[in-house]
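The shown structure was predicted, so the numbers you read here are calculated from the model rather than taken from an experiment.
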Amino acid sequence: MRIASWNVNSVGARLPKLVDWLGTAEPDVLCLQELKCAEDAFPYDEIGALGYEVAAHGTGRWNGVAVLSKVGIEDVRRGLLDEPGFLADGAMFEAVEPRAIGATCGGVRVWSVYVPNGRDITHAHYAYKLRWLDALRATAAEELAELPFAVLGDFNIAPTDADVWDIAEFAGCTHVTEEERKALTALGEIGLAEVLPRALKYDVPFTYWDYRALRFPNNQGMRIDLAYGNERFTAAVTDAYVDRNARKGKGTSDHAPVVVDLDLP
DNA sequence: ATGTCAGACAACGTCTGA
């Protein structure tokens, strides 16, 4: 079974690239992040024509996650256990955002997650990010005993200093702090381990390169799209890689897909 | 060079977020 994850930065804008990629990579299950569309505006027909069922969780302009599957979708769960919301500038109330969706696909329990960015360590969005990660841990802890189980998505955290092109550039920034990395360690403490992908080129399998400043041609990237699985999941992994080819050229996402191959009993 | 995208909006340019 092939399970992948991709932050597409708008499923509408990315539809031609997404259709192409599904045709060549042929994942059985694909976790999407940053749909940037409402649930009912998802391109179900185009994706369904390729043989995928879809479970989407989205409200419009920001965020949005989905699971696509050729091997069935059951027990869909939208949102985390006690998921915190965010009080946006000028908003009257805190809003829970569409950042997590879980589903059982072909006997594997899969979560597609889009962890809050954090913006700046002094910003309320950063505290929100840490609270959100705590809710993710609690939700995973509740579910991971059954079935092969995995959480895949855009974590907006580089697990080690080597996972950014130049750690000196990130002094005092989000994505590389001790607190954020502790949240990843906490996933380990409940029984999840990271599936480490191989790079198709260069040493580090970066998954994200800013559109600006020629970051991709200069390979100034970050490895922030991650996959964590329980023992039953990780023991079945036969290969994992980042498909940086999907980041090449015009009209691409700023993220590349992470692909995990499994040989499940 | 805060350098590029994407989406929404009383809207063909400016804003927010990444």
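- Taking CD of A:Glu180 as the start and CD1 of A:Ile224 as the end, the distance is 10.5 Å to the nearest 0.5 Å.
- The separation between A:Ile157 atom CD1 and B:dA18 atom C1' is 16 Å, rounded to whole Å.
- If you take atom C1' in B:dG3 and the same atom in B:dA8, they sit 24 Å apart, rounded to whole Å.
- Side-chain contact check for A:Asp154 and A:Gln33: no donor-acceptor pair (N or O, by modelled atom type) lies under 3.5 Å.
- The CG-P distance, from A:Asp89 to B:dT16, rounds to 9 Å in whole Å.
- When the P atom is used for both B:dA1 and B:dA18, the distance is 25 Å, rounded to whole Å.
- Nucleic acid contact for A:His125: sugar-phosphate only, since backbone atoms but no base atoms lie under 4.0 Å from a heavy atom of the residue.
- Rounded to whole Å, the separation between the P atoms of B:dT4 and B:dA10 comes to 28 Å.
- Rounded to whole Å, atom P of B:dT4 lies 13 Å from atom CG of A:Asp254.
- Using bins of under 30°, 30° to 60° and over 60° for the plane-to-plane angle, the ring pair A:Tyr208/A:His255 lands in the tilted bin.
- Residues A:Asn9 and A:Lys36 have side chains that bring a donor and an acceptor to within less than 3.5 angstrom of each other.
- Partner A:Cys105 forms a side-chain contact (heavy atoms from CB on, under 4.5 Å) with one of A:Leu30, A:Asp28, A:Leu68, A:Val71 and no other, that one being A:Val71.
- Between the P atom of B:dC5 and the CG atom of A:Leu15 lies a distance of 19 Å, rounded to the nearest Å.
- Ring geometry for A:Phe216 versus A:Trp209: interplanar angle over 60°, hence perpendicular rather than tilted (30 to 60°).
- The phosphate of B:dC5 (OP1 or OP2) has no side-chain N or O of A:Arg212 nearer than 4.0 angstrom.
- One can place CG of A:Asp210 at 14 Å from C1' of B:dA1, the figure rounded to the nearest angstrom.
- When the nucleotides B:dG17, B:dT4, B:dA18 are ranked by their closest atom to the side chain of A:Trp62, B:dG17 comes out on top.
- Residue A:Phe216 is classed as having no contact, given no heavy-atom separation below 4.0 Å to the nucleic acid.
- Atom NZ in A:Lys17 sits about 14 Å away from atom C1' in B:dC5, given to the nearest Å.
- When the P atom is used for both B:dG13 and B:dT2, the distance is 25 Å, rounded to whole Å.
- Set against B:dC5, B:dG3, B:dA18, the side chain of A:Ala213 has B:dG3 as its closest nucleotide.
- With DNA chain B read from its 5' end, the first of the two nearest nucleotides for A:Leu35 and A:Tyr114 is the one closest to A:Leu35.
- Among the protein residues, A:Arg14 comes within range of the sugar-phosphate backbone only, with heavy atoms under 4.0 Å from sugar or phosphate atoms but none that close to a base.
- In the hydrophobic clustering of ILVMFWY residues, with side-chain heavy atoms under 4.5 Å counting as a link, A:Trp6 and A:Tyr52 come out together.
- On the C1' atoms, B:dA11 is 15 Å away from B:dT16, given to the nearest whole Å.
- Comparing A:Ser10 and A:Asn156, the nucleotide of DNA chain B nearest to each residue sits closer to the 5' end for A:Ser10.
- Checking B:dA8 for Watson-Crick or G-U wobble geometry (two distances, each under 3.5 Å) identifies B:dT14 as its partner.
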Heavy-atom contacts, protein to nucleotides 8-15 of chain B, under 4.0 Å, summarised as B (base), S (sugar-phosphate only) or - (none) per nt, yield S------B

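- Remark: P of B:dA6 and NZ of A:Lys250 are 10 Å apart, rounded to the nearest angstrom.
- Rounded to an integer number of Å, the gap from A:Leu214 CG to B:dC5 P is 11 Å.
- A salt bridge is defined here as a Lys NZ or Arg NE, NH1 or NH2 lying under 4.0 Å from an Asp or Glu carboxylate O, and A:Asp134 with A:Arg137 meets this definition.
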